[in-house]
Amino acid sequence: MSTNIVSINGLTKAFPERPVLEDVSFGLGEGDRLGVIGFNGSGKSTLLSLVAGRIEPDGGSIVTRSGLTISYLEQSPDFDPATTVADVAQRSHATLTLLHRLGLEADDRAVGSLSGGQRRRLALAIALSEQSDLLILDEPTNHLDIDVIDWMEDELARRSQTLMFVTHD
């Protein structure tokens, strides 16, 4: 039995229109795989954003192991629209390789000129190429064809890092 790298205790989050998470508690150990399932608007993306540290809970706690690194693919990646694909992809050789595998080239196109699907692929390449303890993927298969989805399933299966994700596939 491994110790938790993330512990969620009594987590709550509400938005002006309604509460989305109430008294949520669970732990993630090294190498765990957690799929988050629910109806649209049920708080799946909110939960992932909370664990990733992008938003603050209204109540409860999120405790992470000291030094924990997190890679996060959000549902709507936010890039500077004037930045080029090449500039974004220059993070590492792994990013360039994954970008190519996902059907994009590191060229001089402005990120703002890319389709939503192309921006998702760019963000996915970055998230997958980062060395992290916890990989959080919010609907990673959106805008991907079946061959790329199959490849990504194999890629994730061979990894030992902890994985938390939302997907409809």
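Using modelled atom types, no side-chain atom of Thr141 and backbone atom of Leu144 make a donor-acceptor pair closer than 3.5 Å. Under the 3.5 Å distance criterion, the side-chain polar atoms of Thr84 are left unmatched by any main-chain donor or acceptor of Arg109. In terms of modelled atom types and a separation under 3.5 Å, the side chain of Lys44 and the main chain of Gly38 share a donor-acceptor contact. Counting only distance, with no hydrogens or angles, the side chain of Thr12 and the backbone of Gly59 share a donor-acceptor pair below 3.5 Å.
Among all heavy-atom pairs drawn from Arg119 and Gly112, the shortest one is NH1-O, 4.2 Å. Gly10 approaches Ser25 most closely through the heavy-atom pair N-OG, 2.8 Å. Between Phe39 and Ser42, the shortest heavy-atom contact is O-OG, 2.6 Å. Considering every non-hydrogen atom in both Ile62 and Val51, the closest pair reads CD1-N, 4.1 Å. When all heavy atoms of Ile126 and Val88 are compared, the closest pair comes out as CD1-CG1, 3.2 Å. Pro140 approaches Met152 most closely through the heavy-atom pair CB-CE, 3.8 Å.
No continuous path of hydrophobic side-chain contacts links Val24 to Val63 [ILVMFWY only; heavy atoms under 4.5 Å]. Hydrophobic clustering of Ile, Leu, Val, Met, Phe, Trp and Tyr side chains at less than 4.5 Å, counting indirect connections, keeps Leu122 apart from Leu96.
Atom CG of Leu156 sits about 6.0 Å away from atom CG of Leu137, to the nearest 0.5 Å. For the atom pair Leu102 CG and Leu124 CG, the distance stands at 5.0 Å (nearest 0.5 Å). For the atom pair Thr97 OG1 and Leu128 CG, the distance stands at 12.0 Å (nearest 0.5 Å). The CD atom of Gln161 sits 11.5 Å away from atom CD1 of Ile70, with the distance rounded to the nearest 0.5 Å. Between Ser49 atom OG and Gln75 atom CD the span is 9.0 Å, to the nearest 0.5 Å. Summarising the geometry, atom NZ belonging to Lys13 is positioned 12.5 Å from atom CG belonging to Leu47; distances are rounded to the nearest 0.5 Å.
At most 12 heavy atoms of other shown residues, nucleotides or ligands fall within 6.0 angstrom of atom CD in Glu56. Annotation for Asp78: atom CG does not count as buried by contact number, only 12 or fewer foreign heavy atoms lying within 6.0 Å.
Inter-residue side-chain proximity for Phe79 and Leu114 is flagged as unmet; no heavy-atom pair is nearer than 4.5 Å. The side-chain heavy atoms of Leu99 and Val85, taken from C-beta on, include a pair separated by under 4.5 Å. In this structure the side chain of Leu21 reaches within 4.5 angstrom of the side chain of Leu50, judged on heavy atoms.
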Inset, instruction - Could you give me the CA-CA distance, side-chain angles and deciding distance for Thr69 and Gln131, then say whether side chain to side chain donor-acceptor pair (under 3.5 Å) is met? - result: CA-CA 8 Å; Thr69 56; Gln131 297 296 314; over 6 Å; no

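Salt bridge status for Arg65 with Glu30: present, with a side-chain N to carboxylate O gap under 4.0 Å.
For the side-chain contact (heavy atoms from CB on, under 4.5 Å) with Leu134, the lone residue among Thr162, Asp32, Thr64 that qualifies is Thr162.
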